[in-house]
Amino acid sequence: MTTNEMKRFAERTVRRTLAAGAETSEVTVLERMEFSAEVRKGSIEKLIESVSSTIDIELSIDRRKALVSSSDLSEESVAALIAEGVELARIMDRDEFFALPDADELGTAEGDLDLFDPEAQSIPTERKIALALELERNALSLDRRIIPDGSSFSNGSKTISFANSLGFCETYRRTSHTLALSCAVEDKPENGENIGKRQSSYWYSTAIRARDLERIEEIASKAVSRTLRKIGARKPKTCEAPVVLDPETTRDFLESIAGALGGGSIYRKSSFLVDRMGTRIGSPLVTIVDDALMPGKLGSRPFDFEGVRSRRNVPIEGGILRSYLLSSYQGRKLGFKTTGNAGGVSNLYLEPGASTPREILSSVSQGLYLTALSGPGANWMTGDFSQGAQGFWIENGEPSYPVDEFTIASSFPAMLSGIVMVGNDLDWRSAIAAPTIKIERMTLSGT
Amino acid sequence: MLPYKDHFDVDEGTTQKIFSFALSRGGSFCDLFFEHTILNQITMEEGIVKQGELVIAHGMGIRVVKGEGTGYAYTEETTFEKMKEAALTASAISEGKSNVGPVALAGVSFVNRYPIGEPTTGTPLKRKIAWIEDAERAAREFDPRIVKVSVSIADDLSAVQIATSDGRILRDMRPMLRFVVNVVAEMNGNRQVGTSSGGGRIGNEYFTTRMSPAEHGREAARQAILLLGAIDAPAGPMELILSHAESGVLLHETVGHPLEADFIRKGTSAYTNRIGHRVASDLVTVIDNGTIPNDRGSINFDDEGTVTSSTILIEKGILRGFMHDRISAALFAVPPTGNGRRESYKHPPAPRMTVTYLANGESDPEEILRSTRRGIFCKSFRGGEVDISNGDFVFVPVEAYLVENGRIEAPVKNLTIIGNGPDVLSKVTMVGNDLQISDGRWTCGKGQHVPVGVGLPTIKISEITVGGSEIGP
C-alpha cells in the first residue's frame with residue numbers, strides 16, 4: 001500500500017468499527033519491509049527479505065475494551081475481526097478510567113524528525129551482501145585466531161498509520177540500517193582443564209541513514225579487540241568495590257529505570273519508584289530525559305501509539321523524580337496528564353556529564369570496569385539488583401586483567417544515589433542512550 | 001468464533017510449481033511452512049475484567065537451503081503470485097540455474113502428543129472469566145497484605161502445514177494454554193511480587209488434573225508473602241540444592257544451549273569436537289525429549305517436518321550428541337533430531353530445545369538436604385542466560401532458602417547464581433530419584449521465542465557462586 005492508501009484504510013476501518021457498534025475506535029496499520037544478509041566464512045549464511053503488514057484495532061463500548069489484530073488485511077477478514085472485537089468488548093467489565101486522549105493532546109510534532117532514508121530501498125542486494133562480507137574479511141585480517149560468528153547487514157522500513165474515532169489520522173515512515181559482527185576466540189587455560197572454552201564478543205552500528213553507519217574498519221576492529229581482550233579472564237574475589245559501567249551496561253541499567261518509570265508499573269505498584277514523586281531518588285548527577293523530538297534519532301516519533309503529540313519530558317532532574325512516563329489511561333489512573341508515552345519510551349537518555357571515560361577509570365585505584373551484564377536479576381519492580389557480570393579489574397586507574405563468572409549486586413535506590421561520576425560519551429546506537437558512569441560501591445560475588 | 005482455516009488452499013500442483021521457483025537457482029532443498037494461528041487472551045486487573053484480545057497470524061514462509069546457507073522469504077497473502085515472488089526471493093541464496101521437475105508429495109505418519117479432552121479455544125468467555133475470578137479471589141483472600149492481583153488466560157491454536165522438496169507433506173493442529181497470576185504484596189513500604197503460571201498443549205482438563213485457577217492464585221500469593229519476610233542473600237561460593245521440576249532451568253542454560261548444533265557447526269560452543277569426552281559428573285544424564293504428552297515444549301514434528309524424538313545428549317557424564325536441524329544434521333552426517341523449530345512463518349528454523357531434563361538418580365531428596373552443611377536451596381526461578389562460548393551461565397531464583405546443617409532456614413531474596421557449565425556439571429555430587437517436569441511456563445528467547453519444557457530431580461552441586469549482596473564474616 002502507498003502511505004495514502006494506508007491512511008485511508010485506517011480511517012475506513014475506524015468508520016467500520018463504529019458502524020459495527022463500537023463507541024470508540026483506534027486503528028494502527030503497520031507495514032514493515034525487512035532485509036538481512038548474514039555471512040560467515042565468506043559465504044551467505046542467511047538471506048531474509050520480506051514485506052509484512054498488521055492491523056491493530058482497539059475498540060470500546062461503554063468503557064469496555066477489546067483489542068483485536070491480524071496479519072490478514074483482506075476486507076472480509078477485517079470485517080470478521082471487527083465483529084469479534086465488538087462481541088468481546090461487550091463481555092468485558094466497565095473500566096471507568098478508559099477513554100480516548102483529550103482532543104487537544106492529539107497531533108503531530110512540528111518540523112521534520114528526519115526518520116526516513118529515501119535511499120534505503122535502492123541499495124542493491126549485492127551491495128548489502130558485499131558490505132557484510134567486507135566487514136568479516138576486515139575482522140579476519142586483524143587476527144588469525146578469530147573464529148567468525150556472523151557478519152551482517154540488515155535494513156528495513158516501517159510505515160505506521162494511526163486513526164481514531166476523534167478524527168485523528170496521520171502517518172509516518174522510518175528506516176533503520178545495521179552492520180553487526182560477532183566473533184569468538186579459543187581461550188585455553190594454562191593448566192589445560194576446561195578444554196573448549198572460548199570467549200566471544202561483538203560490535204554493531206545502527207542508524208536511520210545508511211551513510212551514518214560507523215565505518216567498516218571501526219566496527220571490525222572494535223569487535224575483534226573486544227573479543228581478544230577477554231582471553232584469560234578469571235574469577236574475581238568476593239568484595240565490595242567501586243564499579244565503572246561502560247555505556248553498554250549503563251544502557252542496560254537505564255532500560256530497567258525506564259521500566260520503573262512507566263505508568264503501567266506505577267499503577268500496578270510494580271516499581272521501586274511508587275510513591276516517590278517529587279522526592280530525591282538519585283544523586284544530583286542523575287538527569288534522565290525522554291525526548292521524542294530529536295531529529296534523526298532511533299526513538300523519535302511525531303506522535304505516540306494513541307496519537308498524542310510528541311514532546312520532551314524530564315522524568316528525573318538532578319536526582320529528583322519529576323514525572324512518570326504515561327499514556328493517557330495511565331495518567332488518568334494516577335491523576336496526571338499523558339506525557340506522550342503510550343507505547344513506551346522514545347529516546348531515553350542519561351544526560352552526559354563532563355568527565356571523559358579515561359578520567360572516570362583513572363579515579364579508581366581498585367575496582368571493577370563492567371562491560372557485560374546477564375540474566376533476569378535486575379528487578380526494578382522491587383528495586384533488587386543482582387546480575388551476572390563480565391569486565392576488567394581496575395588497578396591504579398587502568399583496566400589490568402579480564403574477569404568473568406561473577407555477579408554484582410546492590411539495589412536500584414542505592415545505585416542511583418551512588419552515581420558519583422557521569423561520562424561525556426553518550427552512545428546513540430539505540431533509542432535508550434547512555435554514557436560511562438561510576439557507582440561508588442557494589443557487592444561482587446566471585447571466589 | 002471466527003471461521004477457522006484448518007487447511008491452506010494450496011493444491012499439490014501449486015506446491016510443486018512453488019518448489020520449482022524456489023529451487024530455480026540451484027538450491028539443494030526447500031520447504032514451505034504455512035501457519036494460521038488464533039490467540040485469545042483475557043486479562044483481569046484490579047478486580048475487573050479489563051481487556052479481551054484476539055490476535056490472528058496468517059502467512060507462509062519459504063526456505064531455500066544451499067549447504068549451510070539459508071534463503072528465506074515470507075508472505076501474508078498466500079496467493080500464487082505472492083508465493084512465487086517469495087520463492088524467487090528465497091532462491092537467491094544460490095546463484096546457479098536449475099530445472100526441478102514436479103516432486104510427488106506423500107504424508108508422514110506421526111503420533112499425536114497432545115490429545116485434548118476439552119479444547120480451551122472456543123470455550124465460552126463466561127467460563128474463562130469464571131476461572132480468572134476464582135484465581136483472583138483466592139489470591140486476594142490468602143492474605144490482607146496482597147494489594148494487587150492480575151490474572152490472564154491465553155489460549156492459541158495453530159494450524160501448520162509443511163511441504164518439503166524431498167516429498168513430504170505434514171499437517172498439525174497445535175494447541176497451547178497458558179494461565180498466569182501475578183500479585184503484589186505490601187507491608188511497611190516493602191513490596192514483593194509473586195507469580196504462578198502453567199499450562200501446556202492441553203485443554204481445559206488442565207485445571208482439574210494439574211492445577212486449578214484457585215491453586216494458582218494461592219501459590220502466587222504465598223510466594224509474595226514469603227518474600228516479604230526474606231533476608232538479603234549472601235555473596236560467595238557455597239553448596240547449592242536444586243529442588244525438582246523448575247530447577248531444570250539450570251540444565252536449559254548450562255548444557256541445553258551449548259549443545260544446539262548451530263553453535264557446534266560454527267565452532268563457537270565450548271562443546272565443539274567434544275563428543276565422547278567426559279563433560280559432567282557420572283551422575284549426569286541429560287535428555288531432550290519432544291514427545292512428552294501435552295507438555296508446553298512438545299511437538300508432533302518440528303517446524304521443518306522431522307517427527308519429534310528423544311535424544312540423549314549426555315550419558316553418565318559423557319557427551320553423546322547434539323540437537324540438530326536439517327542443516328547441521330546434514331553437515332555432521334547424522335539423522336535430524338526433530339529440533340528444527342521456529343517462532344512463526346516469519347522465521348527460518350534453527351536448532352532449539354523441546355523438553356530438556358536430567359534423568360533420575362538414586363538419592364532420597366531428604367538425604368540430599370540433610371547432607372548439606374551451608375548452602376542455598378532453590379525452588380523456583382525467574383529465568384536464566386548463558387554465554388555459549390565461555391560456558392558461563394546465570395539463573396535467578398524466586399523462592400530460595402538458606403540451608404544450615406541440613407535444615408531449611410530463612411528465605412532469601414536478591415540473588416543471581418553464576419557458574420561455568422562444564423565446571424558446575426562436574427560438581428553434581430548427588431542426584432535425587434524424584435524427577436519431575438516443570439509446569440508449562442517457559443519460553444526460550446534465542447533470537448526467536450519458542451515454548452520449551454524443563455525438568456530435574458532434586459540435585460546437589462558441591463560449590464557454586466551465589467551472587468547476593470551480603471558478604472559474610
Side-chain angles (χ1 to χ4, degrees), chain A residues 40 43-50 52-53 65-72 80-81 84-85 88-89 91-95 125 147 149 184 187 194 196-200 233 238-240 268-270 274 374-377 381-382 384-388 404-407 409-410 443 445-447, chain B residues 2 48-59 68-74 76 89 92-93 125 147-148 184 186 191-193 235-237 266-268 270-272 274 346 348 382-385 387 389-392 394-396 413-416 418 420 422-423 465-469 471:
Chain A
R40 195 176 61 88
S43 305
I44 304 172
E45 173 88 15
K46 218 184 282 172
L47 195 61
I48 301 181
E49 183 169 2
S50 278
S52 66
S53 312
K65 195 176 78 168
L67 186 64
V68 290
S69 77
S70 178
S71 64
D72 183 350
L81 196 65
E84 279 293 311
L88 200 51
I91 210 161
M92 294 297 116
D93 287 333
R94 194 168 186 276
D95 183 352
T125 301
I147 306 166
D149 186 22
D187 186 6
N194 217 357
K197 184 167 178 172
R198 286 148 167 78
Q199 295 288 357
S200 65
T238 300
C239 66
E240 286 193 345
R268 292 185 182 102
K269 290 190 179 264
S270 301
V274 168
S374 64
M381 292 186 259
T382 61
D384 286 345
F385 184 100
S386 168
Q387 286 200 276
D404 67 5
E405 206 193 327
F406 66 104
T407 64
S410 179
T443 304
S445 182
T447 61
Chain B
L2 286 180
I48 62 172
V49 184
K50 206 178 250 190
Q51 181 165 285
E53 262 178 90
L54 166 68
V55 180
I56 296 169
H58 176 89
E68 287 180 74
T70 296
Y72 198 77
Y74 59 87
E76 277 130 6
T89 303
I93 190 68
L125 293 175
V147 293
K148 292 276 176 185
V184 178
E186 199 175 43
R191 222 172 272 117
Q192 296 296 333
V193 294
K266 293 177 188 175
T268 52
Y271 293 95
T272 308
R274 302 279 287 154
K346 294 185 183 179
R382 280 185 91 182
E385 191 177 338
D387 180 330
S389 45
N390 68 15
D392 286 0
V394 295
F395 59 111
V396 177
K413 63 179 170 68
N414 195 18
L415 68 160
T416 281
I418 191 159
N420 182 269
D423 176 48
T465 298
V466 173
S469 55
I471 298 180

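Convention: sequence-line order gives letters A, B, ...; per-chain numbering from 1.
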[X] side, atom [atom1]; [Y] side, atom [atom2] - distance, nearest 0.5 Å:
X: B/Asn420; Y: B/Asp387; atom1: CG; atom2: CG; answer: 9.5 Å
X: A/Leu81; Y: A/Ser69; atom1: CG; atom2: OG; answer: 7.0 Å
X: B/Glu53; Y: A/Glu84; atom1: CD; atom2: CD; answer: 13.5 Å
X: A/Phe385; Y: A/Thr407; atom1: CZ; atom2: OG1; answer: 10.0 Å
X: B/Glu76; Y: A/Ser53; atom1: CD; atom2: OG; answer: 5.5 Å
X: A/Asp187; Y: A/Gln199; atom1: CG; atom2: CD; answer: 4.5 Å

For [X], which atoms come within 4.5 Å of any heavy atom of chain A: side chain, backbone, both, or neither?
X: B/Val55; result: both
X: B/Lys148; result: side chain
X: B/Thr272; result: side chain
X: B/Val466; result: backbone
X: B/Asp392; result: side chain

Among [options], which residue has the highest count of heavy-atom pairs closer than 4.5 Å to chain B?
options: A/Arg198, A/Lys46, A/Glu240; answer: A/Arg198
options: A/Lys65, A/Arg40, A/Arg94, A/Glu49; answer: A/Arg40
options: A/Ala409, A/Ser71, A/Ala233; answer: A/Ser71
options: A/Ser410, A/Gly375, A/Pro376, A/Gly388; answer: A/Pro376
options: A/Ile44, A/Leu67, A/Val274; answer: A/Leu67

Has the side chain of [X] got a donor or acceptor atom that lies under 3.5 Å from a matching backbone atom of [Y]?
X: B/Thr416; Y: A/Ser386; answer: yes
X: A/Ser445; Y: A/Phe406; answer: no
X: B/Thr465; Y: B/Gly236; answer: no

Proximity breakdown for [X] and chain B, heavy-atom pairs closer than 4.5 Å:
X: A/Ala66; result: both
X: A/Ser200; result: both
X: A/Ser374; result: both
X: A/Arg268; result: both
X: A/Met92; result: both
X: A/Ile147; result: side chain

Greatest number of heavy atom pairs closer than 4.5 Å to chain A - which of [options]:
options: B/Gly467, B/Ser389, B/Pro348; value: B/Ser389
options: B/Gly391, B/Gly59, B/Gly71; value: B/Gly71
options: B/Lys413, B/Lys346, B/Lys50, B/Glu68; value: B/Lys50

Problem set entry | Set of residues satisfying side-chain contact (heavy atoms from CB on, under 4.5 Å) with respect to A/Asp93, sequence neighbours excluded | B/Ile48, B/Val49
For this session: Check whether any side-chain heavy atom of B/Tyr271 lies under 4.5 Å from a side-chain heavy atom of B/Pro422, and answer yes or no.
Result: yes
Exercise. Just wondering, do B/Val394 and A/Gln387 contact through their side chains at under 4.5 Å, heavy atoms?
Worked result: no
